[in-house]
Amino acid sequence: YAILAYTVARRTQEIGVRIALGAATGRVLRHVLRRGLLLGGSGIVLGLALALAGGRFLESLVFEISPSDPATLAAVAALILAASLGAAWMPARRAVRVDPVEALRME
């Protein structure tokens, strides 16, 4: 959330210019959400790779499932994806509400 909120805050002028030039709010919303899901997706890929690589070391700590259980890994990936979508939603809504006139006056 913090990274995406910071990115949106830094790009307020750019977003204001896009909206002033006629960019649809849905397009701006999708752009910010896509950025958040990209961050979440890259974290999922890296996390799954590390989980599969380190699974043998964790085998003694995990009871009644294997460390590479597909259902567990899919459930965790879906949970992280949902959390990243939720974290991207607030900065995306804030980006859509940018007033172009005030965004251009900021600097």
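Any value given below was found using the heavy atoms of this structure, including those in side chains, with hydrogens, waters and symmetry copies removed.
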Q) Does CD1 belonging to Ile3 count more than 12 external heavy atoms closer than 6.0 Å? A) no
I'd like to know if [Y] and [X] are part of one continuous hydrophobic network [Ile/Leu/Val/Met/Phe/Trp/Tyr, side-chain heavy atoms within less than 4.5 Å].
X     : Y     : value
Leu39 : Leu37 : no
Val76 : Ile44 : yes
Ile80 : Leu33 : yes
Val32 : Leu38 : no
Val45 : Leu85 : no

Q. Atom CG in Leu4, atom CE in Met90: separation rounded to 0.5 Å?
A. 11.0 Å
Q: Verify side chain to side chain contact (heavy atoms under 4.5 Å, CB included) between Ile19 and Asp99, making sure each step is shown before the conclusion.
A: CA-CA 8 Å; Ile19 292 173; Asp99 181 27; over 6 Å; no
Q: I would like to know whether Gln13 and Arg18 meet side chain to side chain contact (heavy atoms under 4.5 Å, CB included); could you show each step before the answer?
A: CA-CA 9 Å; Gln13 282 188 320; Arg18 286 176 186 242; over 6 Å; no
Q: Please name the pair of heavy atoms, one in Gly16 and one in Pro100, separated by the smallest distance, quoted to 0.1 Å.
A: O-CB, 3.4 Å
Q. What closest approach, in Å, do Val8 and Ala95 show between heavy atoms, and which atom pair accounts for it?
A. CG1-CB, 3.9 Å
Q. Hey, does Leu29 have a side-chain heavy atom less than 4.5 Å from the side chain of Trp89?
A. yes
Q | Arg97 and Arg94: CA distance, side-chain angles, deciding distance, side chain to side chain contact (heavy atoms under 4.5 Å, CB included) verdict | A | CA-CA 5 Å; Arg97 292 184 188 139; Arg94 193 172 304 131; 5.9 Å; no
